Amino acid sequence: MNREVRVRFAPSPTGALHIGGVRTALYNYLFAKKMGGKFLLRIEDTDQNRFVPGAEDYIKESLEWLGIAPEESPWNPGDCGPYRQSERKSMYMQYALDLVDKGHAYYAFDTSEELEAMRERLTAARVVQPQYNSITRTQMKNSLTLSEDEVKSRLESGDPYVIRIKIPRNEDVRLNDMIRGWVMVNSSTLDDKVLMKSDGMPTYHLANIVDDHLMKITHVIRGEEWLPSAPLHVLLYRYFGWEDTMPQFAHLPLLLKPDGNGKLSKRDGDKLGFPVFPLDWTDPFSGEKSSGFREQGYLPDAFLNFLAFLGWNPGDERELFTLEELVEAFTVERIGKSGTKFDIAKAKWYNEQYLKIKPTSELAAFLIADAKKDGVNVPSDKIDSIVNLVKDRVTFPAELWKESRFIVVAPDSFDEEIASKKWNGDAVKVLGAYAVALDSYSGEFDAVSAKSLLESTAEAEGIKLGKVMQAVRLAVTGSGAGPDLMVVFAILGSTEVAKRIRFALSTLTVVA
RNA sequence: GGUCGAUUCGUCUAGGGGUUAGGACGUAUCCCUUUCACGGAUAAAACACGGGUUCGAUUCCCGUAUCGACUACCA
């Protein structure tokens with residue numbers, strides 16, 4: 001049977017999309033493209049209590065920012081809509097009822113108090129795993145224990161009920177995970193999970209299976225947290241009679257905290273000072289703000305590249321991949337099995353790499369925008385040379401302006417520590433002479449000529465240039481470190497350099 | 001506790017019965033640079049442990065340990 005590959009990303013709109021979710025989306029996208037199939041998105045909003053306004057838009061915007069937008073989604077529906085489970089509500093009950101008819105599911109009328117009491121009773125009786133299962137269901141209020149008449153009358157009188165799956169007592173359930181191989185679980189460890197909630201909504205498990213089937217999903221690529229319930233899902237496919245089109249499963253390793261142990265959480269990002277979300281997010285209820293990779297200055301292709309390598313590698317030593325190259329190289333087989341600790345240093349490194357290869361014009365846009373925010377206009381004839389001068393020095397685009405501001409805006413103060421150490425008589429002498437030499441200089445003023453003029457000036461004063469070089473830098477830039485000074489001079493032009501030197505000369509005083 | 005899963009440098013990982021166990025990030029040192037960064041080079045740094053199987057195990061098997069996920073009318 002040759003079906004078109006269809007994979008889905010199925011997030012819940014319960015807040016900002018976590019970076020682990022983004023990676024899951026990415027792997028789904030890569031797999032779909034690689035296989036010439038389709039990548040779709042389904043919103044799993046069956047829990048009305050956890051719905052967060054704005055979360056869906058956030059998901060959409062995140063994927064679009066990264067260039068991995070789904071081909072079918074709530075906002076761009078295909079033939080398998082709707083793409084929000086809340087809008088598919090009316091579809092689920094018939095499937096649950098089908099299972100009841102087949103004897104694979106049953107009505108349960110237990111109240112939450114009764115369930116709680118049952119668990120307490122079992123715990124008291126030292127039952128290791130208190131759960132609603134083949135043994136305990138015989139003592140609860142459900143259509144297996146109640147008379148047919150009572151069930152009927154309860155149903156008719158509108159008694160709240162759920163529909164639970166009837167897990168067999170002792171049956172081995174096996175599934176062949178694409179990443180982990182055969183996983184076998186005995187049904188005795190599973191419980192009679194709720195399929196339909198009393199509010200008429202399906203639980204994840206039911207909705208997931210029904211929708212994946214209806215949406216013709218061929219491969220389920222999701223986080224490892226779903227592995228324990230995968231056998232339940234296999235059982236559902238079997239009971240529905242859909243085993244022949246059951247998707248293949250691939251359970252992705254989890255993203256872990258960089259320090260210590262555990263799943264990466266929002267808290268970790270705050271604590272360690274890096275984002276765990278793709279975009280900035282403000283919780284609509286608490287007003288709490290979380291920062292995103294995009295706003296921190298991560299480039300989408302760098303972030304994508306970084307993310308792809310969190311748990312996957314191409315098997316050779318290449319590390320820089322465009323989205324297209326990732327698609328080309330991607331295989332599920334090369335996804336790792338073990339949890340991956342999140343390392344922000346690597347993300348920064350990727351960003352630097354991408355910044356280096358970005359066209360000057362794109363980088364210039366960042367520089368111009370940031371300068372503008374600063375109330376400064378960068379002369380257009382100097383932009384390219386400024387960008388080229390500083391782009392190898394920065395991790396984030398915002399640093400472009402920080403690193404080069406001094407070129408456009410003459411310093412009005414000077415690094416005191418450097419001044420106290422380097423501003424001496426020799427420096428003053430050389431600088432004074434250089435300013436004069438600059439006044440009468442008439443050739444092309446580039447880095448080479450700026451340097452040779454400076455060298456000859458120092459020589460004429462009988463002073464070794466190396467001794468005063470940092471003072472020269474200080475005079476013109478206000479600081480003791482920065483990009484190649486002679487290139488800076490060339491960008492500035494001889495007049496401006498002379499002007500700045502004179503300002504420094506009149507401002508700084510020589511300390512013994 | 002139970003079920004399932006995982007375990008190679010600090011981190012991401014390659015590898016796989018016989019290797020000087022490879023790369024990258026990070027770290028350190030050196031070179032380049034009359035600064036800082038970039039770049040280049042070098043270095044330190046790993047097969048969780050114990051049993052098997054085998055001529056030989058980091059690699060295969062079994063245990064143990066550790067870590068993780070799950071154990072809701074959440075997904």
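Just so it is clear, the structure is predicted and the values come from calculations on it, not from any experiment. Only heavy atoms go into these numbers, but all of them, side chains included; no hydrogens, no water, no symmetry mates.
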Suppose we screen for ring-ring contact (aromatic ring centres under 6.0 Å, His included). Which residues come up paired with [X], at least two apart in sequence or across chains?
X	value
A/Phe274	A/Phe342
A/Tyr107	A/Tyr161
A/Trp401	none
A/Phe249	A/His251

Task: Interatomic distance at P, B/C61 relative to B/A6, whole Å - done: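 The same atom, P, in both gives a distance of 11 Å.
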Open item on the list: Under a 3.5 Å cutoff, is there a donor and acceptor pairing between the side chains of A/Ser385 and A/Asn388?
Closed with: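 Absent: no donor and acceptor within the cut-off.
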TODO: Using a 4.0 Å heavy-atom cut-off across all strands, classify A/Arg334 as base, sugar-phosphate, or nothing.
DONE: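 Since only primed, P, OP1 and OP2 atoms lie under 4.0 Å of A/Arg334, the category is sugar-phosphate.
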Task: Pairs satisfying salt bridge (charged side-chain N to carboxylate O under 4.0 Å, His left out), at least one member in residues 184-195 of chain A, at least two apart - done: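 Found A/Arg137-A/Asp192, A/Asp191-A/Lys193.
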Find every protein N or O atom lying less than 3.5 Å from an N or O atom of nucleotides 44-47 of chain B, and list the pairs.
none

TODO: Identify, residue by residue, the members of residues 458-466 of chain A with a heavy atom below 4.0 Å from RNA chain B, and return them in order of residue number, or none.
DONE: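 Heavy-atom cutoff 4.0 Å gives A/Leu465, A/Gly466.
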Contacts under 3.5 angstrom, residues 116-124 of chain A side chains, donor-acceptor by atom type, not counting sequence neighbours:
{"residue": "A/Thr123", "atom": "OG1", "partner": "A/Arg119", "partner atom": "O", "Å": "2.6"}

Task: Letter per nucleotide, 5' to 3', of nucleotides 69-75 of chain B [B base touched, S only sugar-phosphate touched, - untouched; heavy atoms, 4.0 Å] - done: SS--BBB
Task: Under 4.0 Å protein heavy-atom contacts per nucleotide of nucleotides 21-27 of chain B, with B for base, S for backbone only and - for none - done: -SSBS--
Open item on the list: Show, in sequence, the C-alpha distance, side-chain angles and deciding distance for A/Trp312 and A/Tyr27, and conclude whether the ring-ring contact (aromatic ring centres under 6.0 Å, His included) test is met.
Closed with: CA-CA 9 Å; A/Trp312 172 88; A/Tyr27 285 5; 7.4 Å; no
Open item on the list: Tell me every residue that passes side-chain hydrogen bond (donor to acceptor under 3.5 Å, both in side chains) with A/Arg50, counting only those two or more places apart in sequence or in another chain.
Closed with: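 A/Arg50: no side-chain hydrogen bond (donor to acceptor under 3.5 Å, both in side chains) contacts found.
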Task: Cationic N near anionic O, under 4.0 Å, A/Lys337 to A/Asp177 - done: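 Here A/Lys337 does not pair with A/Asp177 in a salt bridge, since their nearest N and O are not under 4.0 Å apart.
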TODO: Determine which pairs satisfy side-chain hydrogen bond (donor to acceptor under 3.5 Å, both in side chains) with at least one residue from residues 454-473 of chain A, sequence neighbours left out, and list them in order.
DONE: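 Checked against side-chain hydrogen bond (donor to acceptor under 3.5 Å, both in side chains) - neighbours excluded - no pair reaches residues 454-473 of chain A.
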Task: Heavy atoms from other residues, nucleotides or ligands near CD of A/Gln94 exceed 12 (cutoff 6.0 Å) - done: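 Atom CD in A/Gln94 is crowded, with more than 12 foreign heavy atoms closer than 6.0 Å.
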